[in-house]
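Reviewing the structure listed below.
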Amino acid sequence: MELNHVADGPDDAPVVVLSNSLGSDLRMWEPQVKPLVEHGFRVIRYDTRGHGGSPVPPGPYRVDDLGGDVLALLDGLGVASAHFAGLSLGGMTGLWLAANAPERVRGLVLCCTSARPGNRQMWLDRAAKVRADGMAEIADGSLGRWFTPAWVEAHPAEAVRLRDMTAATPAEGYASCCEVLADLDLVPESAGITAPTLVISGADDHALPPGHGELIARTIPGARFEVVAQAAHLGSYEQAETFTELIIGHLKTQEAVA
Ligand SMILES: O=C(O)CC1=CCC(=O)O1
């Protein structure tokens, strides 16, 4: 299975892989691409299975399926190791990769994510709902979790575009990724992560509040933790400049010490 992906930046530059959240696709990283390339990185964005233009195998999926897809993508592109930044579901994929394929992950950035999301029944109910009713209602709800009300009010056209991104996500892909979250517990294996790690939470993220990021940062040896103000769940989009600066700063430090 080949994931849909887009590469920007020079072939010989250090690679950063960007991984999307539940209900979005690789376009969620648009604000980060140009700055990362300008700072000397090759950016590979991909659509998680069941999302965007990637295949939609029948579910349920497990986090090792999502991580295995990234390893296959890197193998196919001839990339031995890369930096990895993921938001929410993408961050969970990053945790799995760094714990299970440490030689492939040079630096890790975990945005608005969790190692143990909890709320098992809520995820199973959400999966059942989208399989029964489709994505429209979920898309309205997502927008309310992704952004603060002030951002939505100030960016009506972008809000519609991002809502439509969720609405266009295949219901089976979305539901199968909800099932990844239902039973996920990456806390024990996170303790063994050796990749230099930056964890970023949004102060206004009510989907995965900063306590989730704090737990990850306490669990991964040496991890740094930042909380960004006026950022809800899609913090890297709402507070793009601040997230981008933090991501670039962390990854450039890793390149300098390599
Ligand atoms: O959509 C949500 O409720 C929040 C979320 C959890 C995992 C993810 O990627 O988004």
Side-chain angles (χ1 to χ4, degrees), residues 3 17-29 45-52 54 59-63 65-67 69-70 84-97 109-131 133-148 151-152 159 162-171 173-187 199-213 215-216 231-238 243:
L3 295 176
V17 176
L18 301 179
S19 181
N20 61 285
S21 71
L22 181 69
S24 73
D25 62 37
L26 54 76
R27 288 174 290 171
M28 65 153 276
W29 292 109
R45 292 176 286 160
Y46 73 93
D47 294 330
T48 295
R49 65 162 65 193
H51 286 68
S54 282
Y61 308 155
R62 297 179 324 169
V63 70
D65 295 321
L66 308 189
D69 290 345
V70 178
F84 190 96
L87 186 136
S88 198
L89 181 65
M92 297 165 200
T93 304
L95 280 169
W96 184 91
L97 279 170
V109 184
L110 304 169
C111 306
C112 307
T113 193
S114 174
R116 185 190 282 152
N119 288 322
R120 179 173 194 273
Q121 197 53 48
M122 186 274 281
W123 293 113
L124 297 178
D125 291 348
R126 204 193 283 186
K129 181 166 176 47
V130 296
R131 284 200 177 99
D133 302 337
M135 291 297 296
E137 209 178 301
I138 288 290
D140 291 330
S142 268
L143 198 63
R145 291 187 297 277
W146 281 2
F147 298 107
T148 60
W151 189 92
V152 174
L162 290 156
R163 183 215 166 272
D164 290 350
M165 189 190 292
T166 305
T169 303
Y174 186 96
S176 301
C177 285
C178 288
E179 288 159 351
V180 171
L181 282 130
D183 288 313
L184 193 71
D185 185 357
L186 291 167
V187 173
V199 184
I200 314 173
S201 289
D204 301 309
D205 183 355
H206 301 299
L208 294 175
H212 287 267
L215 173 61
I216 298 173
H233 191 57
L234 218 69
S236 60
Y237 206 96
E238 179 161 8
F243 271 71

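Read the numbers this way: they start at 1 and go in the same order the structure lists the ligands and their atoms.
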query = Near Leu181, which atoms of ligand 1 are under 4.0 Å from a heavy atom of that residue?
reply = 7 (C)

ask   = Which heavy atom of Tyr174 sits nearest a heavy atom of His51, and at what distance?
value = CA-CE1, 4.3 Å

message = Does Ser19 form a side-chain contact (heavy atoms from CB on, under 4.5 Å) with Thr48? I'd like the steps, not just the answer.
response = CA-CA 7 Å; Ser19 181; Thr48 295; 4.0 Å; yes

request  = Please could you name the atoms of ligand 1 that Ser21 approaches to less than 4.0 Å, counting only its heavy atoms?
outcome  = 9 (O)

query = Is any side-chain heavy atom of Trp146 closer than 4.5 Å to a side-chain heavy atom of Thr166?
reply = yes

query = Hey, does Ser142 come in under 3.5 Å of ligand 1, counting only N/O atoms on both sides?
reply = no

Ligand 1 contact on Thr113 by region, counting heavy-atom pairs under 4.0 Å = neither

request  = Give the contacting part of Trp146 toward ligand 1: side chain, backbone, both or neither, where contact means a heavy-atom distance below 4.0 Å.
outcome  = neither

ask   = Taking only residues two or more places apart in sequence, or in another chain, which ones meet Asp69 in a salt bridge (Lys or Arg N to Asp or Glu O under 4.0 Å)?
value = Arg49

ask   = Are Met92 and Leu208 side-chain neighbours, meaning at least one heavy-atom pair lies under 4.5 Å?
value = yes

inquiry  = One pair to check against side chain to side chain donor-acceptor pair (under 3.5 Å): His212 and Ser201. What are the steps and the verdict?
reply    = CA-CA 8 Å; His212 287 267; Ser201 289; over 6 Å; no

request  = Of the side chain and backbone of His206, name the one, both, or neither that has a heavy atom under 4.0 Å from an atom of ligand 1.
outcome  = neither

query = Do Tyr237 and Phe147 have side-chain heavy atoms sitting under 4.5 Å apart?
reply = yes

message = Among all protein heavy atoms in this structure, tell me which lies nearest to atom 4 (C) of ligand 1, with the distance rounded to 0.1 Å.
response = His233 NE2, 3.5 Å

query = Considering only heavy atoms of Ala207, which atoms of ligand 1 have at least one such atom less than 4.0 Å away?
reply = 4 (C)

request  = Please indicate whether any nitrogen or oxygen in Arg126 is less than 3.5 Å from any nitrogen or oxygen in ligand 1.
outcome  = yes

query = To which protein heavy atom is atom 10 (O) of ligand 1 closest, and what is the distance rounded to 0.1 Å?
reply = Ser88 OG, 3.0 Å

inquiry  = Could you check whether any side-chain heavy atom of Arg145 comes within less than 4.5 Å of a side-chain heavy atom of Leu22, counting everything from C-beta outward?
reply    = no

query = What is the nearest protein non-hydrogen atom to atom 2 (C) of ligand 1, stated with its residue, atom name and distance?
reply = Arg145 NE, 3.3 Å

